[in-house]
Amino acid sequence: MYQKSIFLFWFLLLVGVAQAQNLAQLSKKTDQLFRKYIDDDQPGAAVVVVKDGVVVHKNTYGVADYENQVPLSTSSVFDVASVSKQFLGYAVALLEQEGKLSLQDDVRNYIPEFPDFGHTITLGHLLFHQSGLRDWPSVMLLAGVGFDDALTFEQILSMVYRQEALNFVPGSRYLYSNTGYNVLVEVIQRITKQSFRAWTSEHIFQPLGMKNTFFRDQLNESIPNAVKSYYEEEDKPKLSTNNLTALGSSSLQTTIDDFALWLQHLGSDDAEDIVRRMQVPGRLTVEEPANYAYGLEVSSYSGLKRIHHDGNWANFNSYMAYFPDQNFSVAVFLNHANWAEGFAHGIFDLYLEGEFQEEEEEVGFFDEEQPEIVKKLDLDYSRYTGLFYLEKYLIYLDITEKKGKLYVQATGEDTQPMEAVSATRFWVDAYDSSIYFNTDDSGKVESITYHQSLCERRAPIPTTGAQDFSTFEGHYYSQELNTSYEVVLKEGQLYFSNLRNGETPLEQAWQDGFLSEAIYAPLVDFQRDGKGEIVGLAISQYESRNQIFRKQHVVD
C-alpha cells in the first residue's frame, strides 16, 4: 500500500511538472505572437488567458501613453467598448433571477414616456437586438454629431424618445442596436433607484474584487492609469478622442487584472446557473435564428462552442471569448486600430489545438436544395424584368432578360443566370436560393421574395429623354433629428449637403433612389405624393432605416 501511494505521488508530480512546462512554453509563444506585431514604444496590448480557473498567461506589450512613453501594465485602465454589453446582460440576469424584471415585460411599464410605436417592445427585444430601435451611432452621424464630439447617455435617451418609427416589427428580425442596451440601463436605474454605475459596482464589481472597473458616466472624469488610444496617420500614432458615456452598450473602464477575475468567475461553480442563462440566445418570431444572448454571441470555433464579444470605439479594440466545455477563456485589449480578435485566434490555436473538432459544413439558413429545373416554359420573360429593392440588405436586384433567359444582378455584384422552376419561382445557383415572383390578379409582377424578404418594384431610371434633376432640389428637414439637408444640382450632378457633414454626390440607382459613399446616408430614396410631386426623402443606413426628411415648401 505504501509503495502504491509513493508511485501515485511521483506520477502526479511528473504529470504536474509536464503540464507546468507545457503552459510555460505556451505562455512564451503567446509573448512571441504579440511582440511580433507590437513594438515596445508603440501603442500596444494587454492580454490574459485563463484555463480551469487559473491565470496561465497575463502580460502587456507597448505603451499606454505614446507621447510620454508610459508603458502599459496589467493595472492600466482600458475602455473596452462593446465588451461592456455582457455586464449589462449579467445585470439583467441577476435581476431576472431575483424576480425584479422579466424579459417579457413591456419597456413602457418602466419608462412611461417611451414612444408608443404601435408594437410592444419587450426587455427581451432590447437585450437580443430585436427591438427595431435605430442604432444611435448611425443616427447621430446623420444628425451631424461626429464620433469625436461629446456624446452622453442622456443625449442617447433623448434621441430615443424623439424616434418616430422602428426599423421593423419587434421580434421579427435581428439587427444590432446599441440603443437597446442604453434603454435597458434606464430600466435598471428605475427598478433599483440607483445609478447604473453605483449598482453594478455594488452588485457585480466589488463582490468579484474588480476594484478598478466601473461604467464611465462623467465626460470630465480624471481616471488614474487611464490608457490613451491611437490611430495611424503618416506612419505615426495620432491621439484619438473619447467623449462617450454610452452606459450599458459601451463605456466600461477596466484593467486586464480585473478582467481576469471576471473570466475566472464565468468558469466558476458559483456562477454556473447564471452563466448558463446568459448563453441562451433570443428567439425570433420569423426569419433566421439569432445567435445573440445576454450581451454575448454564441458560435463555434473549430468545432468548439464559443461565447464571445468584441468591442471597437475611438480606436480601443477589445475582444473576449469563453469556451465553456474547455473552461478556457481569453481577453485581449488594444489601444490602437488593430483586430483584437485576430490576436485571440492565435491564442486559441496555441492552447486548444489538440481539442479542435471537425466542423460540419455550414449551411446557410436560407440555402435551399436545388429544385428540379424546368427546361421549357412558355413564359413572357419581359414581365419579370425590372428593379427590385431588398430593404433588408440595402441593395437592389436588377432582373433582365437576354435571348429568352432571365438574369439577376445585385448591387455591386456580378450578373447571375436564373433557372425556371415554375412560372413564379426561379433558381439562382450562385445564391443557393430561389427568387419568387409575386403577381396581382392580372398576372402583373408587383414584387419578388428573396430570403423570405419582400422586395418591392422600383421605377427604373428613365431611358428616354433627359431627366429633370432639378425636381429633387430643395431643403429637407427631419423633426425627429432636428436636422436639415440640402439637395442641390451642380452641372448635372446632384449633391446632398449638411453644415456638419459636408457635401456628397448622389448616384442614381432607380428613378427616385440614389446611392452615396457617405456612411451616414448610403441610400437616399425620394418620396412623391399622389400628384407625383417630390415631398420628402428617406435615408437608410444598415442599422437605421427610413429616416424621414420632409421637403420644406410642402404643407402636410
Side-chain angles (χ1 to χ4, degrees), residues 133-152 154-160 162-165 167 175-179 182 219 231 233 238-246 249-250 312-315 337 391 394-395 411-412 469-509 512-527 534-554:
L133 290 175
R134 307 191 203 279
D135 192 32
W136 64 256
S138 300
V139 175
M140 292 298 184
L141 278 179
L142 182 58
V145 180
F147 288 162
D148 289 342
D149 294 334
L151 187 54
T152 67
E154 290 74 23
Q155 286 175 284
I156 293 170
L157 288 186
S158 177
M159 178 213 80
V160 176
R162 292 174 63 97
Q163 187 169 324
E164 296 176 347
N167 286 331
L175 189 63
Y176 193 87
S177 174
N178 290 281
T179 310
N182 308 123
L219 289 178
Y231 63 97
E233 186 177 277
K238 298 293 183 180
L239 184 64
S240 297
T241 302
N242 184 9
N243 284 326
L244 179 68
T245 59
S249 67
S250 192
N312 182 357
W313 180 260
N315 291 301
E391 185 270 342
L394 291 187
I395 64 172
T411 308
F469 283 132
S470 66
T471 59
F472 296 108
E473 286 190 293
H475 181 84
Y476 296 82
Y477 173 74
S478 167
Q479 181 174 340
E480 179 178 331
L481 299 181
N482 191 24
T483 301
S484 297
Y485 279 85
E486 295 285 341
V487 176
V488 296
L489 181 64
K490 298 180 181 179
E491 298 179 353
Q493 173 67 58
L494 276 180
Y495 292 88
F496 190 62
S497 69
N498 170 272
L499 180 64
R500 287 294 305 272
N501 284 330
E503 187 175 79
T504 186
L506 296 176
E507 177 186 350
Q508 192 172 27
D512 293 329
F514 293 78
L515 307 178
S516 88
E517 294 184 356
I519 60 173
Y520 57 85
L523 176 64
V524 180
D525 202 3
F526 289 88
Q527 301 177 325
I534 300 289
V535 295
L537 58 83
I539 295 175
S540 289
Q541 307 146 305
Y542 187 70
E543 291 166 344
S544 176
R545 309 298 177 91
N546 296 316
Q547 197 90 47
I548 301 300
F549 288 72
R550 292 178 173 84
K551 202 170 185 179
Q552 284 309 281
H553 71 267
V554 176

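From Thr241, atom OG1 reaches atom CG of Asp148 across 4.5 Å, with rounding to the nearest 0.5 Å. The CG atom of Leu494 sits 11.5 Å away from the OG1 atom of Thr504 when rounded to the nearest 0.5 Å. Expressed to the nearest 0.5 Å, how far CG of Leu219 lies from OG1 of Thr152 amounts to 6.5 Å. In this structure, the separation between CD on Gln552 and OH on Tyr477 is 8.0 Å, given to the nearest 0.5 Å. Atom-to-atom distance recorded for Thr245:OG1 and Glu154:CD is 6.0 Å, nearest 0.5 angstrom. The distance from atom CG of Asn315 to atom CG of Asn242, rounded to the nearest 0.5 Å, is 10.0 Å.
Within the 4.5 Å cutoff, the side chain of Ile534 has no heavy atoms near those of the Gln527 side chain. With contacts defined as side-chain heavy-atom distances shorter than 4.5 Å, the pair Leu537/Val487 qualifies. A heavy-atom distance below 4.5 Å is not found between the side chains of Ile539 and Leu523. Contact of the Asn178 side chain with the Ser250 side chain is not registered, since no non-hydrogen atoms from C-beta on lie closer than 4.5 Å. Put simply, the side chain of Arg134 reaches to within 4.5 Å of the side chain of Gln163, judged on heavy atoms. Proximity of Met140 to Leu151: side-chain heavy atoms (C-beta onward) are separated by under 4.5 Å at one or more points. The shortest side-chain heavy-atom distance between Val160 and Asn182 does not fall under the 4.5 Å cut-off. You'll find the side chain of Phe549 reaches within 4.5 Å of the side chain of Leu142, heavy atoms only.
Note on ring orientation: taking the six-membered ring where Trp is involved, the planes of Tyr485 and Phe496 are parallel (angle under 30°, cut-offs 30° and 60°). Taking the six-membered ring where tryptophan is involved, the planes of Phe472 and Phe526 are tilted, since the angle between them lies from 30° to 60°.
Formation of a donor-acceptor pair under 3.5 Å by the Gln541 side chain with backbone atoms of Ser138 is found in this model. A donor-acceptor pair is defined here as one N or O able to donate and one able to accept, closer than 3.5 Å; such a pair exists between the side chain of Arg162 and the backbone of Gln479. Remark: the backbone N or O of Leu481 is paired with a side-chain donor or acceptor of Thr483 at under 3.5 angstrom. Judged purely by atom type and a 3.5 angstrom limit, Ser516 has no side-chain atom pairing as donor or acceptor with the backbone of Pro505. Of the possible polar contacts, one joining the Gln493 side chain to the Leu506 backbone as a donor-acceptor pair under 3.5 Å is found.
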- request: Report the C-alpha distance between Tyr520 and Asn498 in whole Å, list the side-chain angles of each, state the deciding distance to 0.1 Å, and finish with yes or no for side-chain hydrogen bond (donor to acceptor under 3.5 Å, both in side chains).
  value: CA-CA 11 Å; Tyr520 57 85; Asn498 170 272; over 6 Å; no
- request: For side-chain hydrogen bond (donor to acceptor under 3.5 Å, both in side chains), just list the numbers for Gln547 and Glu480, CA-CA rounded to whole Å, side-chain angles, deciding distance to a tenth of an Å, and then say yes or no.
  value: CA-CA 8 Å; Gln547 197 90 47; Glu480 179 178 331; 2.7 Å; yes
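Every pair passing salt bridge (charged side-chain N to carboxylate O under 4.0 Å, His left out) that includes a residue from residues 496-508 is listed here, sequence neighbours excluded: Asp149-Arg500, Lys490-Glu503.
Heavy atoms only, all atoms of each residue included: Asp525 and Asp512 are closest at OD1-O, 3.3 Å. For the pair Trp136 and Ala246, the tightest heavy-atom approach, listed with the atom from each and the gap, is CZ2-CB, 3.7 Å. The two atoms that bring Glu486 and Gly474 nearest to each other are OE1-O, 3.3 Å, heavy atoms only.
By the ring pair (Phe, Tyr, Trp, His ring centres under 6.0 Å) test, Tyr176 pairs with His129, sequence neighbours left out.
Electrostatic pairing of Arg545 and Glu391 counts as a salt bridge here, judged by a charged N lying under 4.0 Å from a carboxylate O.
Side-chain atoms of Ser544 and Asp135 form no donor-acceptor pair, as typed in the model, at a separation below 3.5 Å.
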